[in-house]
Amino acid sequence: MEQIQHKYVEVSGLKLHVAELGTGPKTVLFLHGFPEIWYSWRHQMVAAAAAGYRAIAFDFRGYGLSQLPPEPEKASFDDLVVDVIGIMDGLGISKAFLVGKDSGAFPAFQVAVVHPERVSGVVTLGIPFMLPGVSVIPMHLLPKGFYILRWQEPGRAEADFGRFDVKTVIRNIYMLFCGSELQVASDEQEIMDLADPSAPLPPWFTEEDLNVYSSLYENSGFRTPLQVPYRSMGQDCGLKDLKITAPGMLIMGEKDYVFKFPGMEEYIRSERLKEFMPNLEIIFHKEGNHFIQEQLPEEVNRLLITFLNKHST
């Protein structure tokens with residue numbers, strides 16, 4: 001971890017924080033979700049670098065140590081695509097493997113559709129192929145207290161989070177989201193009220209890890225993360241030819257709560273995914289949860305390095 005180098009790359013006038021390890025000829029670019037950050041990929045960066053790859057993880061605009069956009073409330077997933085290409089251009093990378101987790105999967109898919117010549121392969125964790133737009137998740141089938149619906153309401157999450165310090169907010173979200181159930185609040189509750197403050201952290205997420213996350217989110221706040229992904233999720237990205245021909249792999253934990261989104265398990269287990277990604281391999285893990293890359297790093301690293309080596313020749 002201490003060998004990871006940190007720098008800033010300017011993209012669209014914003015200074016984006018970049019973490020880098022390894023000097024191999026092939027590059028792996030890791031894309032985080034929420035409430036994650038570059039640090040979420042610490043285990044995979046070390047493994048990829050040890051296997052001979054150049055491993056790069058960065059904080060999206062408005063996250064962690066990266067600069068906030070001038071108007072965070074207008075940010076969109078298209079901006080994250082700009083961030084990915086801008087980081088690659090700024091670091092002299094012509095082509096890379098993209099590894100996306102949670103909402104970080106969306107820009108991975110978008111870049112692979114729009115800039116196929118820049119993508120060696122796409123690996124996603126917990127999210128099958130989908131793009132921002134009104135049909136991403138059938139929200140009308142979810143209860144009104146569902147966390148995404150709550151956080152899409154302007155000001156609601158801000159008021160909910162504002163009752164606690166940043167460390168408590170991050171802790172609560174991690175504890176809630178590592179479970180296998182959908183997080184739904186009653187009319188008398190907010191999402192933070194669902195967390196049990198007495199529950200111990202899981203063994204794979206230490207107090208030190210929590211402190212790192214907390215310090216990074218104390219720096220950025222939650223303005224951009226609430227906008228992207230949650231409040232921009234329904235904005236159509238305008239893409240029509242939805243096919244990724246690059247090699248792909250989806251790692252899906254069967255205890256990931258995303259599995260319980262309406263229609264999600266059926267979509268993942270069906271052949272429909274192959275219509276969009278004909279060269280896709282799907283790996284199911286019975287014990288994997290929403291944070292599988294932190295929960296089971298050795299197993300995820302093994303799958304990742306096997307995939308990279310297979311498609312690097």
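Scope of the values below: all heavy atoms of this structure, side chains included, with no hydrogens, waters or symmetry mates. Sequential numbering from 1 along the given sequence is applied to the chain's residues.
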Notebook entry, point to check: Step by step, would you call R272 with E266 a salt bridge (Lys or Arg N to Asp or Glu O under 4.0 Å)?
Noted result: CA-CA 9 Å; R272 289 171 57 203; E266 178 188 359; 5.6 Å; no
Just wondering, do [Y] and [X] contact through their side chains at under 4.5 Å, heavy atoms?
X	Y	result
H32	D102	no
K255	C178	no
F60	F34	no
F58	L29	yes

Could you tell me which non-hydrogen atom of [X] sits nearest to which non-hydrogen atom of [Y], and how far apart they are?
X	Y	value
A47	I305	O-CD1, 3.8 Å
I173	P35	CG2-CG, 3.5 Å
L226	F161	CD2-CE2, 4.2 Å

Side-chain atoms of residues 85-92: list all donor-acceptor pairs with protein atoms under 3.5 Å, sequence neighbours left out, distances to 0.1 Å.
| residue | atom | partner | partner atom | Å |
| --- | --- | --- | --- | --- |
| D89 | OD1 | R118 | NH1 | 3.2 |
| D89 | OD1 | R118 | NH2 | 2.8 |

Next item on the list: Over 60° means perpendicular and under 30° means parallel, so classify the ring planes of W204 and Y174, tilted if in between.
Entry: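 Taking W204 first and then Y174, their aromatic rings sit tilted (interplane angle of 30° to 60°).
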Tell me whether [X] contacts the main-chain N or O of [Y] through its side chain, where contact means a donor paired with an acceptor under 3.5 Å.
X	Y	answer
Q183	L176	yes
Q227	T224	no
S66	H17	yes
E20	Q5	no
Y63	G33	no

Notebook entry, point to check: Do V9 and L68 share a hydrophobic cluster (ILVMFWY, side-chain heavy atoms under 4.5 Å, transitive)?
Noted result: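 Each belongs to a different hydrophobic cluster.
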Lys/Arg-Asp/Glu bridge criterion (N-O < 4.0 Å) met for [X], [Y]:
X	Y	answer
R42	D209	yes
K167	E218	no
R223	E73	yes

Margin query: Testing Y230, W151, Y217 one by one against F222 for a ring-ring contact (aromatic ring centres under 6.0 Å, His included), which residue passes?
Written below: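 With F222 as partner, Y230, W151, Y217 yield a single ring-ring contact (aromatic ring centres under 6.0 Å, His included), made by Y217.
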Test of ring centre spacing under 6.0 Å for [X] and [Y]:
X	Y	answer
F146	F261	yes
Y147	F177	yes
F205	Y213	yes

Next item on the list: Just do the side-chain hydrogen bond (donor to acceptor under 3.5 Å, both in side chains) check on T168 and D165 with the steps written out, would you?
Entry: CA-CA 5 Å; T168 301; D165 58 27; 2.6 Å; yes
Next item on the list: Could you pull out all residues at least two apart from E299 that satisfy side chain to side chain donor-acceptor pair (under 3.5 Å)?
Entry: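 E299 satisfies side chain to side chain donor-acceptor pair (under 3.5 Å) with H285 once adjacent residues are dropped.
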Margin query: Check this for me: E117, atom CD, are more than 12 non-hydrogen atoms of other residues, nucleotides or ligands nearer than 6.0 Å?
Written below: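 Correct, the count exceeds 12.
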Enumerate, atom names and distances included, each donor-acceptor pair closer than 3.5 Å involving a side-chain atom of residues 21-28, sequence neighbours excluded.
none

